[in-house]
Structures are given as structure tokens and as C-alpha cells.
Amino acid sequence: MGLLTGKTALITGAARGIGKAIALKFAEEGANIAFTDLVIDENGQQTEKEIAAFGVKAKGYASNAADFAQTEEVVNQIKADFGSIDILVNNAGITKDGLMLRMTEQQWDAVIAVNLKSAFNFIHACTPIMMRQRGGSIINMSSVVGVHGNAGQCNYSASKAGLIALAKSIAQEMGAKGIRANAIAPGFIETAMTAALPEDVRKEWVQKIPLRRGGQVEDIANTALYLASDLSSYVSGQVIQVDGGMNM
Ligand code: NAI
């Protein structure tokens, strides 16, 4: 039996990258997987197939996580299709970097909406289901810059700090209902998001990491598995930094 056998996990923004790695890891441990992304194209369909290959139920849903009404609708649909929602991973995220003086209102609003409001939307829609089930694990995908800040990413850092405070608040509000909420703060992880960085910026980041390498998506998936499963049944309101020792 896997660590998540019989559980249903909902992961946002999981057609690729870290979200996909989490979906595959959870499926390997027996969870049925519902995931969302802006569109479910060939990429998303491929992800669906790879998840289903573990012999679990898998379905991708096209939905904008920043949209409150769409989120309610998709969560209701997932509940109808899967019967329960035991694990929620708020993973969808974007960057629109720039120094404060040059940052536009649009850059600020877009990042706060996709990274932070999305988590509110999903927690708001999923926790009534979890409360009725008297249990659930919520994982917010933050970032090391949400703990330490980062020049040129005031919007992103603020959204990621918000995800930590949101997890801690939910942990306090809903602990008595058996719902745990935690955050993961990844450091520099090798994905499409970081591949887009110029080579000199990538090199500079890696120099700051005691383990002298970028993390792999599996490093984050393993931490998510710990937080989603009963291995962490007495852990709530925490932030786990998975960053090769970059920030201590
Ligand atoms: P990615 O860009 O490869 O994947 C993000 C996914 O979210 C994409 O599939 C994208 O289509 C989806 N998405 C974007 N906007 C959405 C929306 N409005 N609604 C639904 N889905 C949406 O990024 P990656 O690297 O896999 O990152 C995943 C999470 O991890 C993000 O929250 C990111 O901020 C966080 N993170 C990543 C780090 C890294 O080094 N890659 C470091 C720290 C945090």
C-alpha cells in the first residue's frame, strides 16, 4: 500500500514543472489526481497519461486559478468526479519581475492574483469539503524569496510571503477540524521558470548554494509527499525550505 492510497489530491498548475512532479509522486504512492492548468493541451494530456500509468484516476481541468468563480466551479466538478478532496497543493504561479520603480500596476496585480489570490480561491472552495471529511492537508508553494525577499521581485516575493502567512492562518483556524496547512519554500529549482533566466544570473544563483547545484523537481515532490501524507501528521503551520542550504 502506498502512503496516499485511497486519497484524492488536487494540484493547481500541474501540467508541467514542479506541479507535474508532485502529481506523479503522489500517484506513485496511490493517490487519485485531479489537476488544473490554464489549458489542458497536449502537454496536459500527456501529464494525465503519465499519472494514470500508475493505475490511479487522473484528470486535468482547464481553469484559471486566479478566478474565484471558475475555481468554485472546478472544485465542485472535481468533488463530483472524485468523491473527495483530501490534499490540496496550491502550486500555480507566475513571475513578472522588475524593480519597484519600473514595476507596473499590471505586473503587480497579475502576480498577486495568480500566486496568492488563487490559493485563497482554492482553500475557500476546498475546506468545506475537508471539514466534512474531518481532515485534509493543504500545501502552499511559496519560495525562499517569500522568506527573505529579493531585489527585482517585490511582487513575487510579497505573493510568496503571503502564501506562508495564509498557510499559518489556516493551520490555526482549521486545526481543530483535522486540517493541516504548511508551505514549501523551494530555492533554485531546474524548471521552465528558471530556464528562462539569463546564464549569468543562473550561475550567480548556483554560487550561493552550499550544495552547488540547482534542485530537481523531485526534491520538491518528496517534500510535498511528506507534508501530504501521515508522515507529517503532527506538522502544521510550518515552512520547509528546500534550497540546498542557500538560506539558513
Ligand atoms: P512552471 O512555470 O513550470 O509551472 C507553473 C504552472 O502553472 C504552468 O503549467 C502554468 O501554465 C500554470 N499556471 C500559470 N498561471 C496559471 C493560472 N492562472 N491558473 C492555473 N494554472 C496556471 O513553474 P514551476 O517552476 O514548476 O513552479 C511551480 C511553483 O513553484 C510556482 O508557484 C513557483 O512560483 C514555485 N517556485 C518555483 C521555483 C523554481 O525555481 N522553479 C522556486 C520557488 C518557487
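Every number for a ligand or one of its atoms is a count from 1 in the order of the listing. These numbers come from a predicted model, not from an experiment.
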Which residue owns the protein heavy atom closest to [atom], what's the atom, and how far is it?
atom	answer
atom 2 (O) of ligand 1	Arg16 NH2, 2.7 Å
atom 25 (O) of ligand 1	Thr191 OG1, 2.6 Å
atom 6 (C) of ligand 1	Gly13 O, 3.3 Å
atom 44 (C) of ligand 1	Ser142 O, 3.2 Å
atom 16 (C) of ligand 1	Leu38 CG, 3.6 Å
atom 30 (O) of ligand 1	Met141 CG, 3.4 Å
atom 12 (C) of ligand 1	Asp37 OD1, 3.3 Å

Would you kindly specify which portion of [X] sits under 4.0 Å from ligand 1, judged on non-hydrogen atoms: side chain, backbone, both or neither?
X	answer
Ser63	backbone
Ile94	side chain
Glu190	neither

[Y] and [X] side chains, donor-acceptor separation under 3.5 Å:
X	Y	value
Thr194	Arg202	no
Gln77	Asp81	yes
Asn155	Gln107	no
Lys7	Asn32	no

* Asked: What atoms of ligand 1 come within less than 4.0 Å of a heavy atom belonging to Thr194?
  ->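 Matching atoms, with element in brackets: 39 (C), 40 (O), 41 (N).
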* Would you mind running through ligand 1 and noting each atom that sits below 4.0 Å from a heavy atom of Asn64? =>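 Listed by number with element, the hits are 17 (C), 18 (N), 19 (N).
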* Asked: Got an N/O contact under 3.5 Å between Ile189 and ligand 1?
  -> yes
* ligand 1 and Ala65, any nitrogen or oxygen pair closer than 3.5 angstrom? -> yes
* To do: Kindly identify the option in Phe35, Tyr156, Trp205 whose heavy atom sits closest to atom 35 (C) of ligand 1.
  =>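 Nearest heavy atom to atom 35 (C) of ligand 1 lies in Tyr156.
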* Nearest heavy atom to atom 29 (C) of ligand 1 wins, so pick from Asn91, Ile18, Val114. =>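 Going through Asn91, Ile18, Val114 one by one, Asn91 has the nearest heavy atom to atom 29 (C) of ligand 1.
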* Asked: Going by heavy atoms in the side chains, are Leu225 and Leu3 under 4.5 Å from each other?
  -> yes
* To do: State if Thr36 counts as touching ligand 1 under the rule of any non-hydrogen atom under 4.0 Å.
  =>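 Thr36 does not count as a contact of ligand 1 under the 4.0 Å cut-off.
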